[in-house]
Engineer: 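Below you will find the structure I want to go over with you.
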Amino acid sequence: MKTPNLLWLRLSQGVTVLTLFWIMRGFIQFVLYQLNDAFLLKIPFGRPFQPFYQDQTWPIFGVFFLAFAASPWLIDVLLTRCYGMTASSVKELGETSPEAARLLRRFCFERHIPEFQVGILPTTAPVAMSYGCLPRFARIVVSSGLLERLEADEIAAICAGEVGHIANWEFSIMTLAVLLCQLPYLIYWQAAEEGDKWQRDGSIKGKVMFLGAGVMAAAAYGGFWLLRWPVLWLSRLRLYYSDRAAAALTGNPNGLARGLLKTALGIAAEVRQTGGTSWLLEGWEMLMPLGYRQGITLGSLKGPDDWETILAWDVTNPYRRWLAINNSHPPTGERLRLLGVYAKFWKLETELDFAPLEAAKPQFQWDPLLLQGAPFFGLPIGLVMGYCIWLVGAISGAVGVWQLEWLWGDRSLLAGCLPLGISLGTFSRINQFFPDITPQRLASATLLPELIVSPQLLPTDSQPQSLQGKLLGRRGISNWLAQDLILDTPTGLIKLHCCSHLGPLGYLWPFRLRPLDFIGESVTVTGWFRRGATPWLDVETLQITGESQPQRIFKSHHPITATTIAAVTAIWGTYLIYSGTIR
């Protein structure tokens with residue numbers, strides 16, 4: 001195959017680095033200012049520390065560079081101490097997959113770099129990662145589950161994908177990004193574990209420590225997801241290039257396809273076995289060949305011999321790439337389809353045949369996409385509104401209407417119109433997102449497997465569902481935000497999204513009934529099924545199955561929360577406009 005054009009990959013690398021640096025600089029500058037203004041100036045005899053008011057660009061750049069240079073060894077320490085990684089070698093890897101060992105040695109020989117260091121993670125989930133600052137310091141880590149579940153050629157194909165990351169040089173930026181994300185994630189993990197130790201302490205100190213640990217864990221978890229967002233574009237894009245590199249290095253695109261499918265099966269099996277999502281799968285997802293959220297449902301559906309039908313949405317939905325914008329991995333079916341194209345190029349029989357599905361591909365239409373992204377598209381609408389008001393001010397000044405001349409150039413008007421646009425977009429889709437759930441609609445609901453494979457569905461196509469199964473997820477403070485709720489039904493696993501009457505903040509009150517109180521129980525869940533890049537269910541009610549404790553019912557508040565957010569956003573925008581008018 002021809003050498004791929006790396007222009008978009010290089011562009012995404014540059015955008016990712018600049019965005020990460022800008023976010024970290026802004027956050028650190030804000031914290032330093034607050035230390036001076038909100039703390040040092042408020043305490044008796046306190047004085048502000050003048051260097052905190054200075055521009056911190058170069059010190060932050062120095063920290064970035066040091067973190068980048070030390071990233072291989074820092075991640076070695078994290079994986080060893082927190083996840084039990086053990087050192088191995090290419091020679092030991094060759095005992096399971098001789099082809100993988102030959103591939104790694106050949107790549108190192110051709111690039112004139114030392115042989116890769118290899119690590120083994122003790123987890124049953126098939127996992128592989130590559131990280132480092134430079135190719136000569138690169139590491140490749142695989143899990144024991146990968147070596148046990150995959151065949152030798154499939155292991156070689158997965159390792160070739162990691163080599164592709166190193167060859168394309170994007171692994172170094174991803175290493176730095178994931179290392180930065182580990183700081184809030186470790187705070188979240190440790191705060192949750194320490195807080196759980198105070199749960200049984202009935203003293204005032206115990207309650208305060210318990211609640212404080214919960215707030216800290218929730219804030220750190222939010223910081224972890226905020227730091228992920230600037231990296232998601234590169235995280236998705238790089239996998240298309242690494243899959244192509246793996247096919248070129250091994251000449252076996254079918255081996256990589258089988259490896260990815262077995263990875264999904266292994267992730268689903270581990271989630272069922274452990275009763276929730278492990279810290280490793282969530283915290284290091286961006287470095288893995290397959291996202292754990294994609295693997296949960298894909299690997300748990302019945303009928304693994306009919307992968308084409310299960311992956312129909314990933315291959316044919318015309319909005320799949322738009323809807324994957326919040327995911328760290330592109331649609332799995334799309335990757336497997338491209339691997340089939342590579343196989344056909346070499347006149348090989350493809351592992352999966354998506355040709356019949358592509359022939360019946362739904363047509364792209366703008367209306368569903370605009371409704372789905374209404375809050376986001378509200379931003380440019382609000383911007384147009386603001387500029388129209390500015391235009392009125394400019395025209396008024398030109399014709400001598402001085403009463404309206406102040407509208408021209410008033411930034412508060414422009415800033416206020418942006419949240420108003422978001423609010424209008426949110427209000428416009430609430431009824432479509434949350435239709436009334438009636439017994440008649442539940443009686444005529446389509447079965448879950450049929451909804452998952454339906455190629456034309458979007459998240460706006462709200463499908464009322466009532467499902468029964470066992471509720472899985474992490475326990476204690478680590479799940480206070482209901483971020484890890486999975487329903488294990490007879491037909492497969494599906495993620496659940498719950499929302500309290502106060503949004504995520506409502507879960508920080510530890511004395512109310514919460515979804516995590518149902519973990520490990522057989523439950524009946526009623527809600528709205530959503531089909532996006534990963535399927536999920538927005539919960540309306542959650543109740544223990546049977547009549548042993550029928551009074552324990554958790555009611556979610558998605559419509560109320562969406563309405564509240566839209567109203568608060570509108571009030572905020574109105575206030576900004578009003579403040580500009582007064583000024």
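Just so it is clear, the values below take in all heavy atoms, side chains as well, and ignore hydrogens, waters and symmetry mates.
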Engineer: What class does the angle between the rings of Tyr319 and Phe364 fall in, given that below 30° is parallel, 30 to 60° is tilted and above 60° is perpendicular?
Structural biologist: tilted
Engineer: Got a salt bridge between Glu115 and Arg105, using NZ or NE/NH1/NH2 to carboxylate O under 4.0 Å?
Structural biologist: yes
Engineer: Check the pair Leu467, Val523 against side chain to side chain contact (heavy atoms under 4.5 Å, CB included), reporting the backbone distance first and the verdict last.
Structural biologist: CA-CA 8 Å; Leu467 303 175; Val523 297; over 6 Å; no
Engineer: Would Asp538 and Arg530 count as a salt bridge (charged side-chain N to carboxylate O under 4.0 Å, His left out) here? Give the steps.
Structural biologist: CA-CA 7 Å; Asp538 279 338; Arg530 314 279 185 205; 2.8 Å; yes
Engineer: Taking the side chain as every heavy atom from C-beta outward, state whether Leu485 and Ile519 have any atom pair closer than 4.5 Å.
Structural biologist: yes
Engineer: Is the shortest side-chain heavy-atom distance between Leu516 and Arg475 below 4.5 Å?
Structural biologist: no
Engineer: Is the closest side-chain heavy-atom distance between Trp313 and Ile452 below 4.5 Å?
Structural biologist: no
Engineer: Does any N or O in the side chain of Ser12 come within less than 3.5 Å of the main-chain N or O of Leu9, such that one atom is a donor and the other an acceptor?
Structural biologist: yes
Engineer: Within the distance-only criterion (no hydrogens, no angle test), does the side chain of Glu351 pair as donor or acceptor with the backbone N or O of Pro253 below 3.5 angstrom?
Structural biologist: no
Engineer: Would you find a donor on one side and an acceptor on the other, under 3.5 Å apart, between the side chain of Glu162 and the backbone of Ser130?
Structural biologist: yes
Engineer: Which heavy atom of Leu103 sits nearest to which heavy atom of Ala160, and what is that distance?
Structural biologist: CD1-CB, 3.7 Å
Engineer: Is any side-chain heavy atom of Leu496 closer than 4.5 Å to a side-chain heavy atom of Leu471?
Structural biologist: yes
Engineer: Main chain of Gln483, side chain of Tyr221: is a donor-acceptor contact present, judged purely on distance under 3.5 Å?
Structural biologist: no
Engineer: Locate the shortest heavy-atom distance separating Gly164 from Ala245; write the atom from each residue and the value.
Structural biologist: CA-CB, 3.7 Å
Engineer: Minimum heavy-atom separation for Ile494 to Thr297, with atom names?
Structural biologist: CA-OG1, 4.1 Å
Engineer: Could I get the full list of side chain to side chain contact (heavy atoms under 4.5 Å, CB included) partners for Cys133, not counting sequence neighbours?
Structural biologist: Phe68, Ser71, Pro72, Phe137
Engineer: Looking only at heavy atoms, which two atoms of Ser97 and Ala152 are closest? And how far apart?
Structural biologist: OG-O, 2.8 Å
Engineer: Would you say Leu493 and Leu487 make side-chain contact, with heavy atoms under 4.5 Å?
Structural biologist: no
Engineer: Mind checking whether Trp169 and Leu134 have side chains closer than 4.5 Å, heavy atoms only?
Structural biologist: yes
Engineer: Judged by modelled atom types alone, do Asp353 and Thr350 share a side-chain donor-acceptor pair under 3.5 Å?
Structural biologist: no
Engineer: Using a distance-only test with no angle check, is there a side-chain donor-acceptor pair under 3.5 angstrom linking Thr332 and Glu334?
Structural biologist: no
Engineer: By the salt bridge (charged side-chain N to carboxylate O under 4.0 Å, His left out) test, which pairs, at least two apart or in different chains, include something from residues 227-248?
Structural biologist: Glu170-Arg238, Arg228-Glu285, Asp243-Arg335
Engineer: So, does Ser143 use its side chain to make a donor-acceptor pair with the main chain of Ala125 at under 3.5 Å?
Structural biologist: yes
Engineer: Do Leu336 and Leu261 come close enough that some side-chain heavy atom pair is under 4.5 Å?
Structural biologist: yes
Engineer: side-chain hydrogen bond (donor to acceptor under 3.5 Å, both in side chains) for Glu270 and Thr274? Distances and angles first, verdict last.
Structural biologist: CA-CA 6 Å; Glu270 199 218 346; Thr274 59; 4.7 Å; no
Engineer: For Leu458, does its backbone N or O pair with a side-chain atom of Asp461 as donor and acceptor, under 3.5 Å?
Structural biologist: yes
Engineer: Decide if the gap between the ring center of Trp279 and the ring center of Tyr292 is smaller than 6.0 angstrom.
Structural biologist: no
Engineer: Using the side chain to side chain contact (heavy atoms under 4.5 Å, CB included) rule, take Asn327 and Leu232 through it: C-alpha gap first, then chi angles, then the decisive distance, then the call.
Structural biologist: CA-CA 7 Å; Asn327 283 22; Leu232 294 180; over 6 Å; no
Engineer: Could you go through the side chain to side chain contact (heavy atoms under 4.5 Å, CB included) check for Leu79 and Met129 one step at a time?
Structural biologist: CA-CA 11 Å; Leu79 292 177; Met129 296 185 291; 4.1 Å; yes
Engineer: Between Arg320 and Asp314, does at least one N-O distance fall below 4.0 Å, as a salt bridge requires?
Structural biologist: no
Engineer: Which heavy atom of Leu265 sits nearest to which heavy atom of Trp307, and what is that distance?
Structural biologist: CD2-CH2, 4.0 Å
Engineer: Salt bridge check, Arg258 against Asp153: does any charged N sit closer than 4.0 Å to a carboxylate O?
Structural biologist: yes
Engineer: Taking the six-membered ring for Trp and the full ring for Phe, Tyr or His, determine whether the centres of Tyr188 and Tyr185 are under 6.0 Å apart.
Structural biologist: yes
Engineer: Are Trp284 and Tyr83 close enough that a side-chain donor and a side-chain acceptor fall under 3.5 Å?
Structural biologist: yes
Engineer: Can you name the closest pair of heavy atoms from Val231 and Leu227 and give their distance?
Structural biologist: CG2-O, 3.7 Å
Engineer: In a check of side-chain contact (heavy atoms from CB on, under 4.5 Å) between Tyr131 and each of Leu176, Ile166, Asp76, which one passes?
Structural biologist: Asp76
Engineer: Ignoring hydrogens and geometry, is there a side-chain-to-backbone donor-acceptor pair from Ser144 to Thr123 under 3.5 Å?
Structural biologist: yes
Engineer: Under the criterion side chain to side chain contact (heavy atoms under 4.5 Å, CB included), I'd like the reasoning laid out for Leu239 against His165: C-alpha separation, chi angles, the key distance, then a yes or no.
Structural biologist: CA-CA 8 Å; Leu239 288 167; His165 294 313; 3.9 Å; yes
Engineer: Give a yes or no answer on whether the side chain of Ser328 reaches the backbone of Met286 with a donor-acceptor pair at less than 3.5 Å.
Structural biologist: no
Engineer: Looking at Trp480, I'd like to know if the NZ or CZ of Arg474 sits under 6.0 Å from its six-membered ring centre while staying within 45 degrees of the ring's axis.
Structural biologist: no
Engineer: A side-chain contact here means heavy atoms from C-beta on lying under 4.5 Å apart; do Glu154 and Lys262 qualify?
Structural biologist: yes
Engineer: Taking Glu282 first and then Arg293, would you say they form a salt bridge - that is, a charged N and a carboxylate O separated by under 4.0 Å?
Structural biologist: no
Engineer: With a 3.5 Å distance limit and no angle check, can you tell me whether Ser462 reaches the backbone of Phe433 through a side-chain donor-acceptor pair?
Structural biologist: yes
